[in-house]
Student: 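Please read through the structure below; I'll follow up with questions.
In the text below, chain A, chain B and the rest are named by the order of the sequence lines, each starting its count at 1. Keep in mind that this is a model prediction, so the values were computed, not measured.
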Protein chains: 2
Amino acid sequence: MTEANRPLPMKTDKISELTTNRLSVYLRCLNELSASGVETVSSQSMAEQFNLNSAQIRKDLAYFGEFGVRGVGYYVDDLRQNLLKILGLTQRHNVAIVGMGNLGLALANYHGFNRQSFEIVALFDDDPAKIGTHARSRQEILSIDALQVVIREKEIDIVIIAVPAAVAERVFEKVVEAGVRAVLNFAPVHLHAKPGTKVKTVDLTISLESLSYFLAKPKSDSVNVDYSDFLHVEGERNGTP
Amino acid sequence: MTEANRPLPMKTDKISELTTNRLSVYLRCLNELSASGVETVSSQSMAEQFNLNSAQIRKDLAYFGEFGVRGVGYYVDDLRQNLLKILGLTQRHNVAIVGMGNLGLALANYHGFNRQSFEIVALFDDDPAKIGTHARSRQEILSIDALQVVIREKEIDIVIIAVPAAVAERVFEKVVEAGVRAVLNFAPVHLHAKPGTKVKTVDLTISLESLSYFLAKPKSDSVNVDYSDFLHVEGERNGTP
DNA sequence: AATACTTTGTACTGATTGTAACAATCTATT
DNA sequence: AATAGATTGTTACAATCAGTACAAAGTATT
């Protein structure tokens with residue numbers, strides 16, 4: 001079974017986020033392979049090229065179906081299409097950014113996102129001096145008062161919160177109230193997400209302090225963070241403590 | 001034993017990064033408590049206030065010493081000082097940012113870092129049009145050719161890489177060659193760190209794709225990511241696969 | 001001073017995660 | 001067609017991690 005259009009599978013329920021984060025890594029690897037003209041790849045070959053574990057690749061993929069061909073490996077483009085589908089990247093996501101400080105502005109102009117899947121369709125701030133201006137010749141910055149209306153009008157399904165910690169929770173509540181279920185949070189606070197909503201927090205402070213700890217600890221010997229450091233929302237054991 | 005100036009402990013070796021990341025969270029909680037004038041706090045009280053597990057707090061702290069007083073709890077300021085010391089935040093870190101694109105510029109002006117512990121002392125880029133200009137009235141942007149000299153002169157011990165994926169590895173090698181052992185990487189690539197060097201990668205693509213997966217999966221029921229989503233470099237089981 | 005009460009530090013248990021090993025199954029070759 | 005070779009999908013195992021339970025050790029009270 002090697003066609004890309006298989007009905008997507010079964011119990012995608014109990015699948016760990018560590019697994020799905022690795023799918024993103026695999027997808028990136030496959031993109032490279034595809035660009036290089038490679039047509040098939042074995043889990044072992046992929047593992048060697050990208051510092052991964054072949055068994056883990058196979059197991060991660062096996063949660064979602066049988067994408068490989070025994071004796072051959074995986075068809076690069078086929079698997080790539082499957083991963084796109086699994087990760088929900090075959091459909092366009094409309095993204096809004098709230099908070100046009102330095103970080104928000106940078107994200108608004110960031111070219112690293114997968115442009116085919118994520119489109120930034122609205123920018124918000126509460127500073128009257130900023131509202132109405134354009135973020136580097138792109139989107140107009142809207143008043144945060146229009147947040148909920150615009151979210152519904154433009155069918156925004158992902159919101160990036162880049163506001164100061166003090167107001168993050170309030171913004172979050174408004175966003176959720178408007179029907180958004182997925183939030184990428186850069187404020188260094190805990191946002192209390194209710195069931196059915198997902199918050200992914202990127203905490204730069206913790207990242208830096210982690211490096212500080214590494215430098216400070218007595219025996220700073222031999223820490224080789226491999227591809228594993230792509231998996232940066234691990235923890236998440238269970239939802240309600 | 002409640003004084004802040006205890007000799008820092010023992011086998012800080014086998015301590016998981018999940019644990020040390022949580023220390024950053026605890027430190028943040030203690031900052032809040034201290035600012036509110038709270039003098040002592042029990043692990044249970046802290047757990048309730050910040051959605052944590054009290055036993056985990058105690059266990060995490062116990063790796064590094066006995067900071068609490070039975071029957072009382074922890075002295076907020078004392079524990080705070082201890083955590084600062086454990087995390088290496090009592091000494092100033094000189095930070096450089098390489099890559100003055102949108103993200104690099106934003107980070108250069110970001111006010112979210114702990115200003116007391118981290119000072120951004122140098123900015124680099126390879127674009128002649130940018131070199132010599134000043135990033136929003138602050139640091140002058142230096143040529144990347146001066147990277148290694150400046151790292152040594154200014155005693156830079158942490159480097160933030162915010163360059164395109166294609167050149168990240170090359171920058172990383174130069175940085176390491178100059179003696180830097182701690183790198184915060186925003187490029188969506190795997191940097192091959194040798195023992196004794198630590199790389200922490202923040203991958204925005206994976207974060208977004210994780211949200212996309214959540215929205216796409218059939219039964220998007222009830223995912224309550226609690227404080228655990230602060231622990232965003234989990235994985236990292238062992239170094240050499 | 002002795003007892004009751006509180007909270008820590010830790011041993012134990014259960015769950016999760018990652019790695020190794022192997023049987024099943026495909027392709028290629030004789 | 002049958003055999004050899006390769007690679008997947010899966011099972012079994014080992015290591016790590018989080019949560020519970022409890023003894024140890026302090027404070028407050030009588």
Side-chain angles (χ1 to χ4, degrees), chain A residues 1-2 9-11 13-22 25-26 39-48 51-76 78-79 82 226-231 233-241, chain B residues 1-2 9-10 13-22 25-26 39-48 51-76 78-79 82 226-228 230-231 233-241:
Chain A
M1 221 186 192
T2 59
M10 42 217 83
K11 40 175 184 190
D13 204 29
K14 295 257 181 173
I15 289 168
S16 156
E17 182 155 352
L18 284 78
T19 294
T20 60
N21 284 350
R22 279 193 294 267
V25 174
Y26 304 155
E39 292 192 347
T40 69
V41 68
S42 70
S43 60
Q44 189 183 339
S45 152
M46 223 170 98
E48 285 167 4
N51 283 294
L52 302 165
N53 180 294
S54 65
Q56 185 145 64
I57 296 174
R58 294 198 296 277
K59 203 162 71 164
D60 286 337
L61 296 176
Y63 284 121
F64 297 91
E66 306 202 353
F67 304 115
V69 180
R70 301 179 194 218
V72 177
Y74 300 91
Y75 291 96
V76 171
D78 172 65
L79 181 55
N82 274 297
D226 266 282
Y227 244 90
S228 50
D229 62 359
F230 277 115
L231 323 174
V233 182
E234 54 342 284
E236 186 180 317
R237 277 297 154 95
N238 56 18
T240 38
Chain B
M1 220 185 195
T2 59
M10 43 218 83
D13 203 30
K14 295 258 181 173
I15 290 169
S16 156
E17 182 153 353
L18 282 79
T19 293
T20 61
N21 283 350
R22 279 191 295 267
V25 175
Y26 304 155
E39 291 190 348
T40 67
V41 69
S42 70
S43 61
Q44 190 183 339
S45 153
M46 222 171 98
E48 284 168 4
N51 284 293
L52 302 166
N53 179 291
S54 65
Q56 184 142 66
I57 296 174
R58 295 197 298 275
K59 205 161 64 164
D60 286 338
L61 296 176
Y63 283 120
F64 297 92
E66 305 202 354
F67 303 116
V69 180
R70 299 180 193 220
V72 177
Y74 301 90
Y75 291 97
V76 171
D78 172 65
L79 182 56
N82 274 297
D226 266 282
Y227 244 88
S228 51
F230 277 116
L231 323 174
V233 183
E234 45 338 88
E236 187 179 318
R237 278 296 155 95
N238 56 19
T240 39

Student: Rounding to an integer number of Å, can you tell me how far A:Glu66 CD sits from D:dT8 P?
Tutor: 12 Å

Student: What's the spacing between B:Glu48 CD and B:Ser43 OG if we round to 0.5 Å?
Tutor: 9.5 Å

Student: Can you check the A:Asp60 CG to C:dT16 P distance for me, whole Å?
Tutor: 16 Å

Student: Please state whether the phosphate of C:dT7, meaning OP1 or OP2, lies under 4.0 angstrom from any side-chain nitrogen or oxygen of B:Ser43.
Tutor: no

Student: Expressed as a whole number of angstroms, how long is the span from B:Leu61:CG to D:dA18:P?
Tutor: 14 Å

Student: Please determine if a side-chain N or O atom of A:Arg22 lies less than 4.0 Å away from the OP1 or OP2 oxygen of C:dG18.
Tutor: yes

Student: Output the rounded distance in Å from CZ (B:Phe67) to P (C:dT10).
Tutor: 12 Å

Student: Separation of A:Tyr26 atom OH from D:dT8 atom P, in whole Å?
Tutor: 12 Å

Student: Counting side-chain heavy atoms from CB outward, which of D:dT20, C:dT8, C:dG9 is closest to B:Ala62?
Tutor: C:dG9

Student: Could you give the OH-to-P distance, from B:Tyr75 to D:dG26, as a whole number of Å?
Tutor: 12 Å

Student: Looking only at non-hydrogen atoms, find the nearest pair between A:Leu18 and A:Ser16 and report the distance.
Tutor: N-OG, 2.9 Å

Student: If I take atom OH from residue A:Tyr26 and atom CG from residue A:Asp60, how far apart are they, to the nearest 0.5 angstrom?
Tutor: 3.5 Å

Student: Once you round it to whole Å, what is the distance between C1' of D:dT7 and CD1 of A:Ile57?
Tutor: 13 Å

Student: Scan B:Ser54 against the nucleic acid and name what it touches under 4.0 Å (heavy atoms): base, sugar-phosphate only, or nothing.
Tutor: nothing

Student: Can you measure from CZ (A:Phe64) to OG1 (A:Thr19) and round to the nearest 0.5 angstrom?
Tutor: 7.0 Å

Student: Whole angstroms only, please: what is the NZ-C1' distance between B:Lys59 and C:dT10?
Tutor: 9 Å

Student: Does OP1 or OP2 of D:dG26 have a side-chain N or O of B:Tyr74 closer than 4.0 Å?
Tutor: no

Student: Want to settle it: does B:Arg70 or A:Ala55 sit nearer the 5' end of DNA chain D, counting the closest nucleotide to each?
Tutor: A:Ala55

Student: Which atom pair, heavy atoms only, marks the closest approach of A:Leu52 to A:Met46?
Tutor: CD1-O, 4.5 Å

Student: Considering only side-chain heavy atoms of B:Arg58, which listed nucleotide, D:dG9, C:dT27, C:dT8, is closest?
Tutor: C:dT8

